[in-house]
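Chain letters run A, B, ... following the sequence lines, proteins first and then strands; every chain starts at 1.
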2 protein chains.
Amino acid sequence: MSTSSPDVTSSVSGSLPRQRRTYSIGELARMFEVTPRTIRFYEQEGLLAPERRGQTRVYHEKDRVRLKLTLRGKRLGFSLAEIREVIEMYDAMPDGNARQLKRLLEILGEKRANMERQLEDIRLMQRELDDVESRAREVLDRLARQGA
Amino acid sequence: MSTSSPDVTSSVSGSLPRQRRTYSIGELARMFEVTPRTIRFYEQEGLLAPERRGQTRVYHEKDRVRLKLTLRGKRLGFSLAEIREVIEMYDAMPDGNARQLKRLLEILGEKRANMERQLEDIRLMQRELDDVESRAREVLDRLARQGA
DNA sequence: GACGACGTTGACGTTAACGTAAAGTGGTTG
DNA sequence: CAACCACTTTACGTTAACGTCAACGTCGTC
């Protein structure tokens with residue numbers, strides 16, 4: 001459904017002549033260093049919807065990009081449910097009503113805020129690490145001088 | 001044990017005349033918007049070690065700072081076990097041997113790398129959000145013009 | 001035609017990080 | 001003193017995100 005959506009990947013890949021490359025579940029798994037189980041689980045959770053050729057799943061560029069975005073979201077601490085929410089709204093966008101779109105903007109705002117806080121957290125954490133590291137080096141130095 | 005350690009908080013709080021303020025578990029919980037249960041759990045996992053006055057826990061500045069760092073670490077996606085590892089090594093630092101200290105520096109390096117990747121992830125994710133948002137606004141605009 | 005590599009579904013197991021409920025302790029306040 | 005509050009321990013429950021295992025189908029090839 002809604003496969004009429006222009007192209008989820010275009011924001012990243014630009015407008016190269018469509019690559020008709022496809023992937024097996026194993027290939028994707030190796031590419032992103034996850035297990036096939038994980039990929040099937042993501043599908044079950046509504047994050048992926050690969051084509052079926054007979055029994056087996058066939059993944060296109062669109063699916064690969066989705067997986068990439070999903071994993072990136074995960075590294076940033078988003079739950080699969082949150083990620084799915086955004087993906088679903090993105091898919092429904094072209095024929096979405098105003099209320100849905102505003103809700104989407106709302107969600108995006110939350111994500112943004114979240115990331116701003118993460119940036120601040122990282123800044124602070126890096127300072128702490130600097131501090132701990134310099135202390136550790138001091139102690140090491142002292143040990144070296146004494147031990148020698 | 002190892003309460004002889006100079007002061008865990010000094011890196012942040014500077015060298016103000018020691019604040020002898022203490023906190024109850026409930027106060028801390030409200031301050032950081034977590035439940036007492038969470039704080040007790042962190043203690044059980046070796047992240048906190050509050051004083052005991054009789055039966056009840058008494059938290060000092062040092063504990064508050066630890067909690068703050070713990071929660072920050074969590075927001076950055078570190079597990080409690082990872083956080084504890086760093087805290088333990090920090091505590092053991094003054095009388096730690098060279099091997100331990102080098103291990104600490106190693107861990108700090110990993111954390112740093114992790115955060116570098118997160119920074120990159122955030123940068124990329126922000127671009128995606130920009131993109132999705134501008135598309136959503138376009139559609140909204142179109143709807144508004146048509147609807148009017 | 002057996003074998004191995006890869007794919008499939010289904011079901012149960014596991015881990016982290018708490019939530020929640022029960023039952024008791026200790027202080028103070030009307 | 002009774003009632004209430006905040007705190008305590010113990011223990012079982014819960015959720016997310018997979019892991020693991022069984023049992024089976026489908027190729028290509030030796």
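- Here D:dT26 presents its P atom at 17 Å from CZ of A:Arg53, a figure rounded to the nearest Å.
- The CG-C1' distance, from B:Leu67 to C:dC18, rounds to 14 Å in whole Å.
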For A:Val132 and B:Leu104, what are the C-alpha separation, side-chain angles and deciding distance, and is it a side-chain contact (heavy atoms from CB on, under 4.5 Å)? CA-CA 9 Å; A:Val132 175; B:Leu104 174 55; 4.2 Å; yes
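- For A:Glu110, the CD atom counts as densely surrounded, since its 6.0 Å shell holds more than 12 non-hydrogen atoms of other residues, nucleotides or ligands.
- Summarising the geometry, the separation between CG on A:Leu28 and P on C:dC6 is reported as 15 Å, rounded to the nearest angstrom.
- A salt bridge does not link B:Arg127 with B:Asp131: none of the charged nitrogens is closer than 4.0 Å to a carboxylate oxygen.
- Backbone-only contact: A:Arg57 has heavy atoms under 4.0 Å from sugar-phosphate atoms and none from a base.
- Residues B:Glu120 and A:Arg75 are not paired through a salt bridge, judged by the lack of any N-O separation under 4.0 Å between the basic side chain and the carboxylate.
- Separating the CD1 atom of A:Ile25 from the P atom of C:dT9 is a distance of 9 Å, rounded to the nearest angstrom.
- Rounding to whole angstrom units, OH of residue A:Tyr59 and C1' of C:dT8 are separated by 11 Å.
- Atom CD of A:Glu51 is separated from atom P of C:dT8 by 13 Å (rounded to the nearest Å).
- Heavy-atom contacts from other residues, nucleotides or ligands closer than 6.0 Å to CZ of B:Arg52 number more than 12.
- Qualifying salt bridge (Lys or Arg N to Asp or Glu O under 4.0 Å) partners for B:Glu82, counting only residues two or more places apart in sequence or in other chains: B:Lys111.
- Using a 4.0 Å heavy-atom criterion, one finds that A:Arg52 contacts the sugar-phosphate atoms exclusively.
- Nucleotide C:dT15 holds its P atom 17 Å from the CD atom of B:Glu82, rounded to whole Å.
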Can you check side-chain contact (heavy atoms from CB on, under 4.5 Å) on B:Tyr59 and B:Glu43, steps first, answer last? CA-CA 11 Å; B:Tyr59 300 87; B:Glu43 175 178 350; 4.1 Å; yes
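- The CD-C1' distance, from B:Glu27 to D:dC5, rounds to 14 Å in whole Å.
- At C:dG26, none of the side-chain N or O atoms of B:Thr56 fall inside 4.0 Å of OP1 or OP2 (strictly under the cut-off).
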Contact state string [nucleotides 17-22 of chain D, B base, S sugar-phosphate only, - no protein heavy atom under 4.0 Å]: BBBB--
